[in-house]
Amino acid sequence: MIMRVWRGWTRTEDAAAYEKYLLGTGYVGYTSTEGNRGVCFTRRDENGLSEFLLTSLWESWEAVTAFAGEDPSRAVFYDEDDRFLVERELTVTHYEVFAAA
C-alpha cells in the first residue's frame, strides 16, 4: 500500500470555504478513483494561516497513477485552487506502508 501526502496553506479567513471546496473536488477525486483505500484531510490554524495536510492510501502505484497521472510525484490541483492557496507544495511525498490498523 502507498501513502500519498500533500500540504497547502490558505489564509485562516478562507479556510472554511477551502474545506468546502476540497470536499467537492479533491475528496471526490481521491475517493472515486479505483484503488483508493482511504483519505484524511486535516487542517491546522496558526498565525493567520491554515495548513491543510491531505493524506491518501492507495493499493498500488497503478492506482496512484490513475489518480495523479503519468508523473505521480506532481501534486494534483483543481480549477479554483489559485483563489484559495497562498502557498502550496508542488510535489507530493509517497511512503510505502508496511503496517496499518
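Keep in mind the model is a prediction, meaning the values are calculated, not measured.
Cluster membership check: Leu90 shares its hydrophobic cluster with Phe52, using side-chain heavy-atom separations under 4.5 Å among Ile, Leu, Val, Met, Phe, Trp and Tyr. Clustering ILVMFWY residues whenever any of their side-chain heavy atoms sit less than 4.5 angstrom apart, transitively, puts Met1 in the very cluster that holds Tyr95. At a threshold of 4.5 Å between side-chain heavy atoms, the hydrophobic network of Ile, Leu, Val, Met, Phe, Trp and Tyr places Val76 and Trp9 in two separate groups. Hydrophobic clustering keeps Val28 apart from Tyr78 (ILVMFWY residues linked when any side-chain heavy atoms are closer than 4.5 Å, directly or through intermediates). Grouping the Ile, Leu, Val, Met, Phe, Trp and Tyr side chains by contacts below 4.5 angstrom, directly or via other members, places Val64 apart from Val5.
Ile2 and His94 make their closest contact through CG2-CD2, 3.9 Å (heavy atoms, listed as atom of the first residue, atom of the second, distance). In this structure, Arg74 and Arg4 approach most closely via the heavy-atom pair O-NH2, 3.1 Å. When all heavy atoms of Val92 and Ala75 are compared, the closest pair comes out as CG1-CA, 3.9 Å. Residues Ala63 and Gly35 come closest through the heavy atom pair CB-CA, 3.8 Å.
With hydrogens and angles disregarded, a donor-acceptor distance shorter than 3.5 Å links the side chain of Tyr21 to the backbone of Glu80. The backbone N or O of Thr91 lies less than 3.5 Å from no partner atom in the side chain of Ser73, so there is not a single donor-acceptor pair.
Here the straight-line distance linking atom OG1 of Thr55 with atom CZ of Arg7 works out to 13.0 Å at 0.5 Å rounding. Annotation: the span from Thr25 atom OG1 to Tyr30 atom OH amounts to 9.5 Å, rounded to 0.5 Å. Taking CG from Asn36 and CG from Leu57, the interatomic distance works out to 7.5 Å, rounded to the nearest 0.5 Å. Of the inter-residue distances, the one linking Met3 atom CE with Glu96 atom CD reads 11.5 Å to the nearest 0.5 angstrom. One distance of note links CG of Leu53 with CH2 of Trp6; it measures 9.5 Å at 0.5 Å rounding.
Classified by interplanar angle (parallel below 30°, tilted 30° to 60°, perpendicular above 60°), the ring pair Tyr18/Phe84 is tilted. By the 30° and 60° cut-offs, the orientation of the rings of Tyr27 relative to Phe41 is perpendicular.
Put simply, the side chain of Trp58 reaches to within 4.5 Å of the side chain of Thr33, judged on heavy atoms. Asp82 is listed as a side-chain neighbour of Arg88, based on a closest heavy-atom distance under 4.5 Å. Residues Leu54 and Leu22 form a side-chain contact, since some pair of their non-hydrogen atoms from C-beta on lies under 4.5 Å apart. Looking at Val97 and Arg37, their side chains never come closer than 4.5 Å, going by heavy atoms from C-beta outward. Residues Thr10 and Leu85 are in side-chain contact: their nearest non-hydrogen atoms beyond the backbone lie under 4.5 Å apart.
Surrounding CG of Asp79 are at most 12 heavy atoms belonging to other residues, nucleotides or ligands under 6.0 Å away. Environment of CD in Glu34: sparse, with no more than 12 heavy atoms of neighbouring residues, nucleotides or ligands closer than 6.0 Å.
Across Arg43, Arg44, Arg11, a single residue satisfies salt bridge (charged side-chain N to carboxylate O under 4.0 Å, His left out) together with Glu51, and that is Arg44.
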